[in-house]
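See structure below.
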Amino acid sequence: MKGRFLMLRVNGQRLWDNLNEMGRIGAGERGRTRLAFTDEDLEARRLLVRWMEELGLEVHTDPYANIWGLRAGREELPPIVVGSHIDTVREAGMFDGVLGVLSGLEAVRALNEAGVSTRRPVAVISFSDEEGGRFSAGTMTGSRLMAGCIQLEELAEKRDQRGVSWLEALERSGFTGSSSILRPHAYLEYHIEQGPVLCDKGARIGVVEGVVNLSWMRFTFYGQANHAGAFPMERRRDAGLAASSATVALNRLAFELGAGTVITSGQALQEPNLPNIVPGRAVLTVDLRSFKEEVFASGLARAEAVVEEEAARHGVEVSVELLTRLEGAVFAREMTELVERTAGALDLSSWRMPSGAGHDAQIMSRLCPTAMIFCPSEEGRSHCPEEFTSQEDAVAGADVLLNCLLELAED
Ligand code: HGY
Ligand code: MN
Ligand code: MN
């Protein structure tokens, strides 16, 4: 490490215990669910604030309910920020996002217990609504608001399936605050990989070089509801069939586009949604991601064309709404080198790779030098109850985070 021989370690058992405690919030038959600003998300936020206060951190929230705990530095300077998110998808594992926030807290505990002061303040942050699933407002909403990529007003009409808007849920949360927007000197995010690369390569640490371009589109199909028994096949305008054939065509398109492009129709609704009615309406969300900007742009256009073709083939009208379009990020060389060097100093094998998952880091990299640290996801599974990372791997990545932080905080 640059002129530094102090290598600290986190308290791995305490990190693991806290992960499990947070993981019990919103737990159900399959995994846990803490969609943004739901009671379960608010309960997790309250636990996080309690832990921050017990650590003696100065707790802040901004107008977007982003929460951070600040540890003073020797000098009043822009802080080093470490963090991620604690909201989850539905039926989630217990590591996505949470590992990064709780490892940030654990890094602060390690500094406190070692009696180490840092030149710069350190902030541990949890961003609002990183997953985006509840309101289909797109992902990384809290960090995009903090970075000024979107305005609060744009979220007024984003509503969940019960008609509650993002703004209403934010105001009801009780976590909006007046702290001025955080302007980091540098940002570090530690996260599970959520794919199979590190397991395939047998590496302990992922040195993340950048994050994928990401988009969400919502297609609405307008056909004709009819009697499932009496209405002849050849005269139907079946919206559900059009949506299903669009899903198949989009899957084919992902392979044609190549360059690591992925297309997922994760959410499909058809109405009136009863066994004996030909669906008159259908809604399909399409998550399209690609690493190469030009493939991403052409993929978006081709996806729309493919869906329109399938709708026409079934005599169905279709409209499209772009829910979110997020350019990817490439992290600063000096930051990826810091992660790689730190992993090496801790005798941890590492592998340079991009992230196919979106992260707040791709937003924060627009504000300051940013790095991400990955640990392996067993069998590459995530966004499901089966998501798992061993305690040993989870702790190893937290040690890398702690020592990267230590070096940056003396910058
Ligand atoms: O969708 C994503 O990539 C992230 O999990 N929000
Ligand atoms: Mn995440
Ligand atoms: Mn996620």
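A quick note: this is a predicted structure, and the numbers were derived from the prediction, not measured. Indexing begins at 1, ligand by ligand and atom by atom, following the structure's order.
The pair R352-E340 meets the salt-bridge criterion, with a side-chain N (NZ, NE, NH1 or NH2) lying under 4.0 Å from an Asp/Glu carboxylate O. R134 and D160 are joined by a salt bridge, as a carboxylate oxygen and a charged side-chain nitrogen come within less than 4.0 angstrom of each other.
The Mn ion (ligand 2) has no N, O or S atom of H359 inside 2.8 Å of it. Residue H383 counts as close to the Mn ion (ligand 3), with an N, O or S atom under 2.8 Å.
As for E131, its N/O/S atom nearest the Mn ion (ligand 3) is the one called OE2. The nearest N/O/S atom of D96 to the Mn ion (ligand 3) is OD2.
Considering backbone and side-chain N/O atoms, E131 comes within less than 3.5 Å of an N/O atom of ligand 1. Distances between N or O atoms of H383 and those of ligand 1 include at least one value under 3.5 Å. Polar contact with ligand 1: present for G358 (N/O pair, distance under 3.5 Å). Considering backbone and side-chain atoms alike, E130 places an N or O below 3.5 Å from some N or O of ligand 1. In terms of N/O distances under 3.5 Å, ligand 1 is approached by R289.
When the shell of 6.0 Å around CD of E379 is examined, it contains 12 or fewer heavy atoms from other residues, nucleotides or ligands. No more than 12 heavy atoms of other residues, nucleotides or ligands sit less than 6.0 Å from atom CD of E76.
To the nearest 10 degrees, the angle centred on the Mn ion (ligand 2) between NE2 in H85 and NE2 in H191 reads 110°.
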